[in-house]
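Remarks on the structure that follows.
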Amino acid sequence: MNVSLEGEKVILVPYMKEHVPKYHQWMQDPAILQATASEPLTLDQEYDMQISWVQDPLKQTFIVLDKELVVGGFVHGEPHIEAMVGDVNIFMNDMDDPRMAEVEIMIAEQRSRGKGLAKESVLLMMAFAIENFGIHVFHAKIGESNEASLNLFQKLGFKKISHSEIFKEITLELPITESKGEELGHLIRKVVTHS
């Protein structure tokens, strides 16, 4: 699905091979690896990972662009590396409930944190997932020491449902009620689709 989602502050674009070198650079930061519970990969492994993300029907990922950093106006299909600040993902890997998705957000660029980009990115992603995949409940698994992410998801209405001592991770949940679905549905009208 070749889609870009546009909000007030962010544009979510498909994860392209042109994004991989900068993404790989972010993933060399020990703090980002810890916050995302990721293992360091080689650049070649990162390219392989990008292909697997694009091809997996149970995953959807977008690169987050900070609209303030887009040079020369946004053009769908262009990677806009200069404005790349993070990514947002969903995983639909619960075999018992195919309409449940786990959502993740990362704003890797320090200069773009604290501007509301993560919040808008998550809301756009959830609206997209409801519209395109019929998702009715979202989960977020967050490291117990990641206060910024925990606060963000709680402000969005997610509630804590479990805590793993082993993984030091908190799972939060947001069921999509009719009113929440309508609220998110208004966002999806801003979606830009190109094939």
Side-chain angles (χ1 to χ4, degrees), residues 1-33 35-93 101-113 115-133 135 138 140-141 149 152 184 187-195:
M1 198 178 302
N2 191 7
V3 174
S4 295
L5 311 180
E6 186 168 359
E8 303 293 322
K9 300 175 181 182
V10 300
I11 302 170
L12 306 183
V13 298
Y15 185 20
M16 300 175 224
K17 68 179 186 308
E18 294 88 348
H19 294 128
V20 172
K22 187 168 185 178
Y23 191 89
H24 179 67
Q25 190 179 5
W26 291 338
M27 300 310 283
Q28 303 308 299
D29 180 336
I32 289 177
L33 287 172
T36 59
S38 300
E39 295 293 323
L41 301 175
T42 66
L43 184 57
D44 284 343
Q45 288 171 320
E46 207 73 72
Y47 276 109
D48 291 344
M49 191 66 78
Q50 181 267 338
I51 291 167
S52 78
W53 271 94
V54 171
Q55 293 177 345
D56 190 333
L58 299 179
K59 295 178 185 174
Q60 180 70 48
T61 190
F62 289 102
I63 294 295
V64 178
L65 304 181
D66 183 335
K67 281 176 95 167
E68 290 180 356
L69 303 177
V70 173
V71 174
F74 174 70
V75 178
H76 178 77
E78 295 293 317
H80 291 283
I81 310 294
E82 78 283 354
M84 191 180 160
V85 297
D87 72 336
V88 61
N89 313 298
I90 56 168
F91 306 92
M92 296 161 285
N93 51 13
E102 185 181 329
V103 61
E104 293 181 338
I105 179 71
M106 171 182 76
I107 302 297
E109 294 289 333
Q110 289 280 358
R111 65 188 170 158
S112 293
R113 291 182 185 161
K115 294 167 54 176
L117 305 186
K119 177 182 178 183
E120 188 175 71
S121 298
V122 169
L123 289 172
L124 284 169
M125 177 58 103
M126 290 193 320
F128 176 78
I130 292 165
E131 176 93 0
N132 291 278
F133 303 111
I135 300 303
F138 290 93
K141 292 181 180 175
S149 280
L152 165 68
L184 289 167
L187 286 174
I188 208 69
R189 295 195 180 111
K190 297 177 184 176
V191 171
V192 183
T193 309
H194 299 279
S195 46

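When a residue number appears, it is its place in the shown sequence, counting from 1.
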> What residues, two or more places apart in sequence or in another chain, satisfy salt bridge (Lys or Arg N to Asp or Glu O under 4.0 Å) together with D66?
Replying inline: K115
> Just checking, any donor-acceptor pair under 3.5 angstrom between side chains of D87 and Y23?
Replying inline: yes
>> With a 3.5 Å distance limit and no angle check, can you tell me whether S121 reaches the backbone of K119 through a side-chain donor-acceptor pair?
In response: no
>> Can a donor-acceptor pair be found, under 3.5 Å and without considering hydrogens, that links the side chain of E120 to the backbone of E8?
In response: yes
> When you look at K67 and E6, which way does the salt bridge (charged side-chain N to carboxylate O under 4.0 Å, His left out) test go after all the steps?
Replying inline: CA-CA 9 Å; K67 281 176 95 167; E6 186 168 359; 2.9 Å; yes
Min side-chain heavy-atom separation [X]-[Y] under 4.5 Å:
X	Y	answer
E78	E18	no
L69	R111	yes
V13	L65	yes

With [X], which residues qualify under side chain to side chain contact (heavy atoms under 4.5 Å, CB included), at least two apart?
X	value
A108	W26, I32, M106
I130	F138, I176, L184
Q25	K22

Going by the rule side chain to side chain donor-acceptor pair (under 3.5 Å), which residues pair with [X] if we only count those two or more places apart in sequence or in a different chain?
X	result
H24	Q28
R113	Q110
E82	H80
E39	none

> Taking only residues two or more places apart in sequence or in another chain, which ones pass ring-ring contact (aromatic ring centres under 6.0 Å, His included) with F91?
Replying inline: W53
> For residues 40-51, which residue pairs qualify under side-chain hydrogen bond (donor to acceptor under 3.5 Å, both in side chains), counting only residues two or more places apart or in two chains?
Replying inline: T42-Q45
> Atom OG of S4 and atom CD1 of I63: how far apart are they, to the nearest 0.5 Å?
Replying inline: 11.5 Å
